[in-house]
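Within every chain, numbering begins at 1; the chains are lettered A, B, ... in the order of the sequence lines, protein sequences first and strands thereafter. Only a predicted model underlies this, so the values are computations on that prediction, with no experimental measurement involved.
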There are 2 protein chains.
Amino acid sequence: MTDPGQDDGLRHRKRTAAMARIQAVALDLFDERGYEAVTVEQIAEASDISPSSVYRYFGTKEQIVLLGEFEFDASDARLATVDAGTPLEFTRQLLRTVMGRLVGDDEQRTRRQMRLVMSNPALEVALAGQVYAASETLGEVFAARLERPTDDLEVQVLSHVVVGALLGGLHHWHGTGFAGPLRDVLDRCLDLLERGLQVGAPVTPTPAPGGTSSRPTRLPSR
Amino acid sequence: MTDPGQDDGLRHRKRTAAMARIQAVALDLFDERGYEAVTVEQIAEASDISPSSVYRYFGTKEQIVLLGEFEFDASDARLATVDAGTPLEFTRQLLRTVMGRLVGDDEQRTRRQMRLVMSNPALEVALAGQVYAASETLGEVFAARLERPTDDLEVQVLSHVVVGALLGGLHHWHGTGFAGPLRDVLDRCLDLLERGLQVGAPVTPTPAPGGTSSRPTRLPSR
DNA sequence: CTCTCACTGAGAGTGACTGTCAATTGGTAG
DNA sequence: CTACCAATTGACAGTCACTCTCAGTGAGAG
């Protein structure tokens, strides 16, 4: 073998083409008849592929819709190239660098997926699971860069809050009929976080309870 | 019929007892053999009840573990009695008033559930779904009290952020071997939000981009 | 005591998903 | 070009969560 894990080669290209075809066919069928009403077997048949392979490619029926859209990988090489100050600045760059598929090209496709996901409970739950997994990963990244334990309260709250804010933005985007580019909406979500959400304004800043520590939270850029 | 929706009566008591028995039996079996390895049919048999009824009671296998634990109802009568200033103060009271089961009595049970949930991907996803459903509901409550549309960006971000913070706390609690009462952990999460998370500190507060509006976010108490 | 109807249990059926195995096909060395 | 190897595929059988239907039963009302 030449070099395992190569991205070229007929084999790999066929696989990628098949996956794209399956996704396109499936989205059409889902739009036409509804997610529940379409079986994986029907998708397979309409895609000229065996049901076995559909499962090999996507794992679950939900992943035919969601695959790769709302996840990122802590070991992604591009992560090292992201070099930012605060966790929020870091997150901003992350969205562009590693999750470009979500905020960048082919937004039309993302709208179609969102409409589909929001119209089906099973897909909503699957999306929540995906997003939640992203919180975990983001927590690990934050922990590493802030040099704190992964289970640190502030790290966990921070990562989940950031992801929550973005998910809130996604809901807003969907609820307003996809008004404006998703990229701008998510940017405004991070703006809100940076401004402290203005939700605790009247409360006098308490002198920090017995947490792990509370030095200013700035990400060291590697 | 005397009064539908009554909480007494032999019928209702039987149902409640059966559900409690099923949950107890199921948790034992899950701890013993693992969640995946136990079938609903086995749970039903060990509980002296038909599989049909298990599904009637809980709907899904996951709900046998999760039912009622991480959800709340926007039409809950007790909501009206919660009367607080900022959304975070409101959330604090909410946890005690409506979700007492989570932060209050029988914390031992909650630990057992958390351990189980965190050890199984399917349950983790189900929990995430439950939690994000709570975001939706909380968003509706915030929107109503702040007199803003439900899809308002700040409302959505706020509700998802609050729920995210609590979920982060839950992870911290689990990751640290359930150190201290859950109630205190969740309180510290809300404290962090009140202090603005200190994550955007070095950034000069931008003069508010073209959002929907940005008056001080204080909940009117009904 | 009797009527009634909500709830229960039994059973059949659907579809997502898994594991196995033989056939096939792309990549490579001779 | 050919032979070989390894990865991939499709066919098939099986499991299990979950749904639907329907007849039987027991709680509750008069």
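- One atom, CD of A/Gln63, and another, P of C/dT18, lie 12 Å apart when rounded to the nearest Å.
- We find that NE2 of B/His12 is positioned 16 Å from P of C/dA6, with the value rounded to whole Å.
- Legend: salt bridge (charged side-chain N to carboxylate O under 4.0 Å, His left out) pairs involving residues 112-136 of chain A, not counting sequence neighbours, sorted by first then second residue: A/Asp28-A/Arg112, A/Asp31-A/Arg112.
- Note: CG (B/Leu10) to P (C/dC7) measures 13 Å, nearest angstrom.
- C/dT18 atom C1' lies 18 Å from atom CZ of A/Phe58, rounded to whole Å.
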Between the protein and nucleotides 9-19 of chain D, list every N/O to N/O distance that falls short of 3.5 Å.
| residue | atom | partner | partner atom | Å |
| --- | --- | --- | --- | --- |
| D/dT9 | OP1 | A/Tyr57 | OH | 2.5 |
| D/dG10 | OP2 | A/Ser50 | N | 3.4 |
| D/dG10 | OP2 | A/Ser50 | OG | 2.8 |
| D/dG10 | OP2 | A/Ser53 | OG | 2.4 |
| D/dG10 | O5' | A/Ser50 | OG | 3.4 |
| D/dG10 | N7 | A/Arg56 | NH2 | 2.7 |
| D/dA11 | N7 | A/Ser52 | OG | 3.2 |
| D/dA11 | N6 | A/Ser52 | OG | 3.4 |
| D/dA17 | OP1 | B/Lys61 | NZ | 3.1 |
| D/dA17 | OP2 | B/Val40 | N | 3.3 |
| D/dC18 | OP2 | B/Lys61 | N | 2.7 |

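- A search for side-chain hydrogen bond (donor to acceptor under 3.5 Å, both in side chains) contacts involving A/Asp184 returns nothing, not counting sequence neighbours.
- Judged as a side chain to side chain donor-acceptor pair (under 3.5 Å), not a single pair has a partner in residues 15-25 of chain B (not counting sequence neighbours).
- The ring pair (Phe, Tyr, Trp, His ring centres under 6.0 Å) test applied to A/Phe70 returns no partner, not counting sequence neighbours.
- Residues B/His171 and A/Tyr132 place their aromatic rings such that the two centres sit under 6.0 Å apart.
- Residues meeting the side-chain hydrogen bond (donor to acceptor under 3.5 Å, both in side chains) test with A/Arg33, sequence neighbours left out: A/Gln42.
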